[in-house]
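Structure first, commentary second.
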Amino acid sequence: MTDAPGVDRQRLAAMAAAHGLELLGVARADSQPEDRRRMERAVAEGRMGRMGWMGGTRPEVATDPARLDPEARSVIVVAAPYVGEERGTWDPEPDAVRSALLKALGSLDGPGPRGRVARY
């Protein structure tokens, strides 16, 4: 990932670490046509198992941040350990990360920075 300009990486890293997120990446919100082609190929070859929702326009939407938010400038990616039933040992409040990030990013309905948090 290439850092997006104007991103306070240290602040983001501190916020991520405070919530048990071990990996942090920040990238420009550029379209990823090669990734789109890979996803489309995987769907066409039947490699998505029971994830039928990965077909249709999903590859295009998932690989072009502007499809979700035309004003997006950066994509922030975080990761945490994820081990089935053991998840409770590090995440006793499943919505805590989302709540903390929404506070940091601002309201989804209001002006200013906003974003989505995916967990899987």
Side-chain angles (χ1 to χ4, degrees):
M1 286 187 184
T2 304
D3 274 355
V7 172
D8 185 343
R9 194 167 175 65
Q10 287 182 330
R11 180 173 173 229
L12 288 173
M15 287 173 31
H19 293 285
L21 302 168
E22 294 184 1
L23 300 174
L24 168 72
V26 181
R28 294 171 46 104
D30 296 335
S31 177
Q32 301 297 316
E34 181 55 36
D35 291 330
R36 178 181 49 79
R37 286 189 287 277
R38 260 195 302 276
M39 286 179 71
E40 290 170 338
R41 190 169 45 248
V43 169
E45 293 172 357
R47 293 187 284 126
M48 289 298 173
R50 294 178 291 189
M51 296 188 298
W53 54 270
M54 289 296 288
T57 61
R58 180 67 181 168
E60 183 179 347
V61 172
T63 58
D64 186 0
R67 290 288 307 264
L68 295 172
D69 184 350
E71 296 178 28
R73 297 181 311 199
S74 302
V75 175
I76 301 169
V77 181
V78 292
Y82 192 112
V83 187
E85 292 179 15
E86 295 176 17
R87 179 174 161 185
T89 63
W90 64 269
D91 191 3
E93 299 176 64
D95 290 328
V97 172
R98 178 177 168 74
S99 297
L101 290 174
L102 288 178
K103 287 176 192 171
L105 294 172
S107 169
L108 289 175
D109 298 325
R114 57 186 187 257
R116 293 182 177 195
V117 178
R119 180 188 299 230
Y120 54 85

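Below, all heavy atoms of this structure are taken into account, side chains as well, without hydrogens, waters or symmetry copies.
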Which residues share a side chain to side chain donor-acceptor pair (under 3.5 Å) with Glu40, sequence neighbours left out: Arg36
Got a sec, which residues hit side chain to side chain donor-acceptor pair (under 3.5 Å) with Arg41, two or more places apart in sequence or on another chain? none
Can you tell me how far apart [atom1] ([X]) and [atom2] ([Y]) are? Round to the nearest 0.5 Å.
X	Y	atom1	atom2	result
Leu24	Ile76	CG	CD1	7.5 Å
Glu60	Gln32	CD	CD	13.5 Å
Arg47	Met39	CZ	CE	11.0 Å

Who pairs with Arg38 by salt bridge (Lys or Arg N to Asp or Glu O under 4.0 Å), at least two apart in sequence or on another chain? Glu34, Asp35
Hphob cluster co-occupancy, Val78 + Leu23, side-chain heavy atoms under 4.5 angstrom: no
Specify the closest pair of heavy atoms between [X] and [Y], including all atoms of both residues, with the distance to one decimal.
X	Y	result
Arg9	Val26	NH1-CG2, 3.6 Å
Gly55	Val43	CA-CG1, 4.0 Å
Asp30	Pro65	O-CD, 3.6 Å

